[in-house]
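Worksheet: the structure to be examined is printed underneath.
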Amino acid sequence: QVQLVESGGGLVQAGGSLRLSCAASGRTFSSYAMGWFRQAPGKEREFVAQISRNGGLTYYADSVKGRFTISRDNAKNTVYLQMNRLKPEDTAVYYCAATHRTLPSYSGTYYSDWGQGTQVTVSS
């Protein structure tokens, strides 16, 4: 089990940028593939991006491809989501999650541990 804490959310204008961080506890962070998901009000949770254990593989939802970048620093037990050219439709609570499954694993049901979420609001 790993404990996850997200940070970096906030209010930003359309076209702006934010970087989310997800800090993990424990010494087994590098054994997990990591993902970012988001949930907007009244909508189901959706996959955003994921990264393999060593950071060599990444996958993105079509809606964020070319604008968002997922990365990780295993020495710091942290995974990041750099979000550029933000749009109002990116407004959501963003969650990081951990999985032992091999990638790609797009469904949230494959992830065993979740953070509490961080709010991202993009104004038009």
Using every non-hydrogen atom in the two residues, find where [X] and [Y] come nearest and quote the distance to one decimal.
{"X": "Arg85", "Y": "Arg67", "value": "O-NH1, 2.9 Å"}
{"X": "Thr28", "Y": "Ser31", "value": "O-OG, 2.6 Å"}
{"X": "Asn74", "Y": "Ser30", "value": "ND2-CB, 3.6 Å"}
{"X": "Ala14", "Y": "Pro88", "value": "CB-CD, 4.1 Å"}
{"X": "Val120", "Y": "Gly9", "value": "CG2-CA, 4.1 Å"}
{"X": "Val2", "Y": "Ser25", "value": "CG2-O, 3.1 Å"}

Determine whether [X] and [Y] fall in the same hydrophobic cluster, where Ile, Leu, Val, Met, Phe, Trp and Tyr are linked whenever their side-chain heavy atoms lie under 4.5 Å apart.
{"X": "Phe68", "Y": "Val79", "answer": "yes"}
{"X": "Tyr59", "Y": "Leu81", "answer": "no"}
{"X": "Leu57", "Y": "Tyr110", "answer": "yes"}
{"X": "Leu11", "Y": "Val93", "answer": "no"}

Could you check if a side-chain atom of [X] sits within less than 4.5 angstrom of a side-chain atom of [Y], using non-hydrogen atoms only?
{"X": "His100", "Y": "Tyr32", "result": "yes"}
{"X": "Asp113", "Y": "Gln1", "result": "yes"}
{"X": "Leu18", "Y": "Leu86", "result": "yes"}
{"X": "Gln50", "Y": "Tyr111", "result": "yes"}
{"X": "Met83", "Y": "Thr69", "result": "no"}
{"X": "Arg101", "Y": "Leu103", "result": "no"}
{"X": "Met34", "Y": "Leu4", "result": "yes"}

Any chance you could measure Glu6, atom CD, to Cys22, atom SG, to the nearest 0.5 Å?
->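 If we round to the nearest 0.5 Å, Glu6:CD and Cys22:SG are 5.0 Å apart.
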When you look at Arg38 and Arg45, which way does the side chain to side chain contact (heavy atoms under 4.5 Å, CB included) test go after all the steps?
-> CA-CA 6 Å; Arg38 66 187 182 186; Arg45 181 179 62 196; over 6 Å; no
Is there a donor-acceptor contact under 3.5 Å from the side chain of Ser105 to the main chain of Thr102?
-> yes
Donor-acceptor contact present, side-chain Thr91 to main-chain Thr121, <3.5 Å |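 Flag not set: sc Thr91 to bb Thr121 has no pair under 3.5 Å.
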Show the numbers, then the answer: is there a ring pair (Phe, Tyr, Trp, His ring centres under 6.0 Å) between Phe47 and Trp36?
-> CA-CA 7 Å; Phe47 164 78; Trp36 285 96; over 10 Å; no
For Leu20, the option from Val48, Thr118, Ile70 that meets side chain to side chain contact (heavy atoms under 4.5 Å, CB included) = Thr118
Reference residue Phe37; test ring pair (Phe, Tyr, Trp, His ring centres under 6.0 Å); the match among Trp114, Tyr94, Tyr95 | Trp114
If you draw the axis of the six-membered ring of Phe29, does the NZ or CZ of Arg72 fall within 45° of it and under 6.0 Å from the ring centre?
-> yes
Any chance NZ of Lys65 has more than 12 other-residue heavy atoms, nucleotides or ligands included, within less than 6.0 Å?
-> yes
CA sep, side-chain torsions, deciding dist, call: Gln82, Ser17, side chain to side chain contact (heavy atoms under 4.5 Å, CB included) | CA-CA 8 Å; Gln82 177 67 45; Ser17 298; 4.0 Å; yes
Side-chain donor-acceptor pair present, Asp73, Ser71, cut-off under 3.5 Å = no
Any Lys/Arg nitrogen of Lys87 or Asp90 sitting under 4.0 Å from an Asp/Glu carboxylate oxygen of the other?
->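 Between Asp90 and Lys87 there is no salt bridge, as every charged N stays at least 4.0 Å from the carboxylate O atoms.
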